[in-house]
Every structure is written in structure tokens, then in C-alpha cells.
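Worksheet for the structure shown next.
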Amino acid sequence: MINVAVVGATGMVGQTFITVLEEYQLPIDKIVFLASERSKGKTVTFNGKSYPVEVLDEHSFDQPLDYALFSAGGDTSKKYAPIAAAHGVTVIDNSSAWRMDPTVPLVVPEVNPEAAVEHHGIIANPNCSTIQSVIPLQALKPWGLKRVVYSTYQAVSGSGYKGVSDLKANLSGQPSTFYPKTILHNVLPHIDVFLPNGATKEEEKMVNETRKILGLPSLRCTATCVRVPVFNGHSVAINVELEKPFALDDILNALEAQAGLKVLREGYPTPLDVSGQDLTMVGRVRRDESLENGLNLWVVADNIRKGAASNAIQIMQKLMEVQS
Ligand code: A2P
């Protein structure tokens, strides 16, 4: 039996932690729900029972807890994850705060589960678009990854309730208050902040996290990340240059053998197809005739489930398996 804290329980990912924990029926003895001062007096329902939302503070981890699932933003994670870890709690953190720390494993259970066990109290959950992208890339490793080009089509749920509210507001004729421009009937090549080199932080995250998870620190990789007016489900068009020649059927077989991935040989997956499930779907697998060993893939996943809450809980399950 485990004791679990959910930090950021009132947020979009926090609420999905609750849904996924209920679905997976993990052996939870005690569970606590934490958020900010703003949520004082609120309750959440878990397995049919109502729980108060408690205010996160320095003493939140003084109680016996085994795991803390964090999704309350980078600043909260930076401050409170080390406090939790110092109390012997294993933190699985959905923010970007710890992902590139060399002492913190960055884990997708279908790709690098072995990294999870080497933690020092904090494990990072990768960026949503990165999680769904490295799953098919892992299957392509036998052919050697020479260069990867990502183009993303990211849903507004990736920005939490603020993003969803903006799309809803635009649908009822109101302006955006979170996004810098109207998101309805539009696409915004602007996710997270701009960096001095002209890339966005989201694009930098995809490149750096892909290298770390796949264990390929010098992989040539680039990304353009775009917010689209879709409520839920991220899509990524991946262009890959492989080192070795390939038969397309062998590639399809390798993708089909990859854990966590569903391959469509006919048709193609869309955000509505994947919303509410944990499998990543890939379709439109085809040669890129402009390169010697080029391949194009269309990869879709539920960014709040596999891209955030479910991946974190699957990391926790892996650790529970190792410890049992
Ligand atoms: P709250 O609802 O009390 O503000 P989202 O990503 O959907 O915006 O959700 C963010 C989550 O992180 C919410 O649960 C929010 O709680 C929580 N959160 C934000 N800042 C803090 C903080 N300083 N301490 C604790 N929880 C926080």
C-alpha cells in the first residue's frame, strides 16, 4: 500500500492525476490533495469520497508519504520538490523545473524505464510533445537517428484551464486573456517564451529532452511548436533522417513492436481519436523521398494523459514494481 500526495490537485493535470489514479486502481492507503491558498475550502472527489484541498506549505510533507505527484508550475516544484524529497518522498514532477538537471532522471516508461530507479528523490516527467515523439523514435533506433525535425500542432489544454478558457471565450466572441492573440480560427507559433536565438522555450525543451531521454546527447534535432485551436490532443509531424537504409515494412513492424504505440497502416489518427486514452498513435508512416534514408511520421497523443498525468503515474507504477 502507498501514501500519495497530489500537488496542484485543482489544475487540469492535477484533476487528471485523480482520474487516472482511480482508473489504474493502485493500492493507495492514504491520499492528500494540495494546491495554493486560492483553493482553500475547496474539495475534490476521489473514488467517490470527498477530500479537502489543503494548502501546500513547508510542513505538507511532515506526514508519512511515499510519492508526490507534482503539477503546480515550475516555481512551486523548485521550492517544494526538494522539501518533499528531503522527507523521503519520491517526487514525480510534471514541470520543466528539474528536467535538464543531470542528477534528475527524465523518464518515459516505454523508452528509458531503467533511468527511473537511479533517482535521488526527484524524477522529472518530460514535456508533453516530447513524450509522444520519443516513443516512435525509440523504435527507430536500430537504423540510427541522424537528424529529427519536429513540427507540432498543440492543443489548448496544454496551457491548463487558462488555455481552454481562452478558446471557449473566443468561441463566444470574447478576446483571449491568456494567449497573446486570438486562438480561434488561428494558429500561434508561440509556446512558452522566446529565447535570444529566436526559438521558443518549448522548442528548446523538445530538442534537449529528446536528446536526454534517448541518450543521444549530440542528436541533430530541431522543432517548430505551434498552438492550434484544438481542445485536447497534441499532434506532431516528425521528419527523421536515418543512418541506415530501410525497408518501410521493417519500420512499420518495429513501430508495431514498440510498447505504448498503436500504428495505423491505413488512415491516420487525430486528436479526437486519442483523447481520453493513454496510447500514442502513429500514422502516415512514409518515405521522405527528398532524403537518402528519410521518413515521415504523424504522431498523436492525449497531452494531458500520456503527455502528463498518465506518464507520471506510469513512472510511479514502475518504481512500485521494482520495490515489490
Ligand atoms: P490553485 O488552483 O490553488 O491556484 P493549471 O496548470 O491548470 O493552471 O493548474 C495549476 C495547479 O497548480 C493548480 O492546482 C494550482 O492551484 C496549483 N498551484 C499554482 N501555484 C501554486 C502554489 N504556489 N502552491 C501550490 N499550488 C499551486
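Residues take their numbers from the sequence shown, with the count starting at 1. Both counts, for ligands and for their atoms, begin at 1 and track the order of listing.
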Ligand-residue contact atoms, ligand 1 with [X], heavy atoms, under 4.0 Å:
{"X": "S39", "answer": "1 (P), 2 (O), 3 (O)"}
{"X": "G160", "answer": "7 (O)"}
{"X": "Y161", "answer": "7 (O)"}
{"X": "L56", "answer": "24 (N), 25 (C)"}
{"X": "M12", "answer": "7 (O)"}

Query raised in the report: When you measure from atom 18 (N) of ligand 1 to each heavy atom in A72, G14, S71, S95, which option holds the nearest one?
Result: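 Nearest option to atom 18 (N) of ligand 1, by heavy atoms: A72.
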Query raised in the report: Nearest heavy atom to atom 20 (N) of ligand 1: which of R38, K42, Q15 does it belong to?
Result: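 Minimum heavy-atom distance to atom 20 (N) of ligand 1 goes to R38.
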Query - Location of contacts on T10 toward ligand 1, heavy atoms closer than 4.0 Å - result: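 For T10, backbone and side-chain atoms both sit under 4.0 Å from ligand 1.
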**Report entry** Among Y150, Y268, Y153, ring pair (Phe, Tyr, Trp, His ring centres under 6.0 Å) partner for W298
**Finding:**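 Single ring pair (Phe, Tyr, Trp, His ring centres under 6.0 Å) partner of W298 among Y150, Y268, Y153: Y153.
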**Report entry** Contact check: G73 vs ligand 1, nitrogen or oxygen atoms, below 3.5 angstrom
**Finding:** no
Query raised in the report: Going by distance alone, is a donor N or O of one side chain under 3.5 Å from an acceptor N or O of the other, for T152 and Q154?
Result: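 Per modelled atom types, T152 and Q154 side chains form a pair under 3.5 Å.
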Requested in this report: Assess the side chains of Y161 and T10: does a donor N or O sit below 3.5 Å from an acceptor N or O?
Outcome: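 No.
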Which residue and non-hydrogen atom of the protein lie closest to [atom], and at what distance in Å?
{"atom": "atom 21 (C) of ligand 1", "answer": "T76 OG1, 3.5 Å"}
{"atom": "atom 9 (O) of ligand 1", "answer": "G11 CA, 3.2 Å"}
{"atom": "atom 8 (O) of ligand 1", "answer": "K162 NZ, 3.5 Å"}

Could you tell me whether the side chain of [Y] reaches within less than 4.5 Å of the side chain of [X], counting heavy atoms only?
{"X": "V20", "Y": "E22", "value": "no"}
{"X": "I123", "Y": "D93", "value": "no"}
{"X": "V104", "Y": "R99", "value": "no"}

**Report entry** Any A9 heavy atom less than 4.0 Å to ligand 1
**Finding:**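 In this structure, A9 qualifies as a contact of ligand 1 - some heavy atom is under 4.0 Å.
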Check [X] against [Y] and note the closest heavy-atom contact, atom names and distance.
{"X": "A35", "Y": "V53", "value": "CB-CG1, 3.6 Å"}
{"X": "A85", "Y": "I122", "value": "CB-CG1, 4.2 Å"}
{"X": "E58", "Y": "I83", "value": "O-CG2, 3.7 Å"}

